Amino acid sequence: MPRRPIDRFLVCVLLWLAPTFVVWYALGPLLLMPIAGWTHWVLTYGFPQAIAAVEPQGITVDIVTQFITTSANVALPPGAQAQLIFTINALQYTYGLPLLLALTLAAPTDIGDKLYRTMMGSMVFMLIPVWGIACDALKVLVFQMEPAIAEQMGTTPLTRELLALAYQLGYLILPAVAPILIWAAFHRDFLREWLPQTRQGQSISS
Amino acid sequence: MPLIIFALVLLALFVIELLGPVQTWVIQPFTAAIAKVSAVALQIFDSTVQADGIVLRNIQTGAAVSIQPGCNGVEAMICVIAAIVATPADWRRKMMGIGLGFMAIQTLNLVRIISLFYLLQWNPAWFEWAHLYLWQALIMLDGLVVYLFWVRMLPAPVDRDRPADAMAPSV
């Protein structure tokens, strides 16, 4: 084991990554239930004219819309109508969770502290997939469905640009950077101790 | 304050990255260069690999991977740059950290692309798993490691509140 605490910590993170990834993947469907529930609340409250429900299906979520599909690919009995539903891989927005768990478990704290910081960190992290899935669902409706749907939703060029930015942020940046920021926020004491260079209100001698 | 600087730099760089001209003139050529470098590295031991723009292809089996946004390491670099800029240090050291971050992230990204290229040919399900989840976390961890090592290389801070004689070495 390395002698420096920070080197020891990084080795422990690597060792913890494998079990945390296994546990995270095994518990994926369970983990996605509250995330789907919160996303359902956000989307049906924010866009009641577009989204009817968000339903967890294993590691994916079904987005049930208020729109009727006119796709020729859907075989329907005469007179019947089909509600437009699409699926999103929700787990791809949560891959930061095993990293957060590995970082938290590798920190030199006692077991009670680890449990507390794991619980609190995971609760905060859950907001990230909610953002990602919500933006992904809106992106599919506005950019990948018939233009009439975007019109019905009352989008403007500006809101479409903002949606594109929010989606990219929620897909490319937040799931990756959030675990590290959350971990750093819950471990400021260790960071100050390990890295005195990051302390505020002190000048750097060079 | 550093957190605000971090968030602002992160957002600004990310918005700049998404701009059409930046995508056309910087990101796409950079991504194509990554594909080219990956192909050159692969051809050392596998002559069936070819790079075609952002696509890496096995000319015998037809199996191909396309290097898309999120797979070129640019977003991880943006996070590292934002963290380094937000940390109190002189600009020479910051530029050194950014250079170090670029090298570390792109080196690991090369390993990611090569491993994913072969993983796809071996088992598409494992490819999906490694591509969507595992490598994303590892690249970000790489960014964190680089940042921590860079911070550790910075000189120790001087405590302004401490009296001068308290800082003198004891004999």
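First the proteins, then the strands, lettered A, B, ... as listed; each starts at 1. The structure presented is a predicted model; accordingly, all values stated were derived computationally and were not measured.
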**Message:** For a side-chain contact (heavy atoms from CB on, under 4.5 Å) check, start with the C-alpha distance between B/R152 and A/D7, then their side-chain angles and the critical distance, and finish with the verdict.
**Reply:** CA-CA 11 Å; B/R152 218 174 55 183; A/D7 296 344; 2.8 Å; yes

**Request:** Sort out for me which of B/L10, B/I139, B/L141, B/I78 touches chain A most, counting heavy-atom pairs under 4.5 Å.
**Result:** B/L141

Count the heavy atoms belonging to other residues, nucleotides or ligands that lie under 6.0 Å from [atom1] of [X], then report whether that count exceeds 12.
{"X": "B/Q50", "atom1": "CD", "answer": "no"}
{"X": "B/W135", "atom1": "CH2", "answer": "yes"}
{"X": "A/E161", "atom1": "CD", "answer": "no"}
{"X": "B/K36", "atom1": "NZ", "answer": "no"}
{"X": "B/Q60", "atom1": "CD", "answer": "no"}
{"X": "B/F45", "atom1": "CZ", "answer": "yes"}

**Item:** Greatest number of heavy atom pairs closer than 4.5 Å to chain B - which of A/N89, A/L14, A/L169
**Value:** A/L169

**Prompt:** Under a 4.5 Å heavy-atom cutoff, which of A/L10, A/I173, A/V177 has the most pairs with chain B?
**Reply:** A/I173

**Item:** Region of B/L18 that comes under 4.5 Å of a non-hydrogen atom in chain A
**Value:** side chain

**Message:** Side chains of A/V13 and B/V145, heavy atoms from C-beta outward: is any pair under 4.5 Å?
**Reply:** no

**Asked** Side chains of A/I6 and B/F149: does their closest heavy-atom pair fall under 4.5 Å?
**Response** no

**Item:** Point-to-point distance, once rounded to the nearest 0.5 Å, from CG of B/L11 to CG of A/L165
**Value:** 6.5 Å

**Message:** Distance check, rounded to the nearest 0.5 Å: A/Y171 atom OH versus B/Q136 atom CD?
**Reply:** 6.5 Å

**Complete:** Between A/I180 and B/M140, the two heavy atoms sitting closest are CD1-O, 3.6 Å

**Request:** Using heavy atoms and a sub-4.5 Å threshold, report which of residues 27-38 of chain A line up against chain B, by residue number.
**Result:** none

**Fill in**
Within residues 90-106 of chain A, contacts to chain B at heavy-atom distances under 4.5 Å involve A/L91, A/Q92, A/Y95, A/L99, A/L103

**Request:** May I ask you to decide if the ring planes of B/Y133 and A/W24 are parallel, tilted or perpendicular, using 30° and 60° as cut-offs?
**Result:** perpendicular

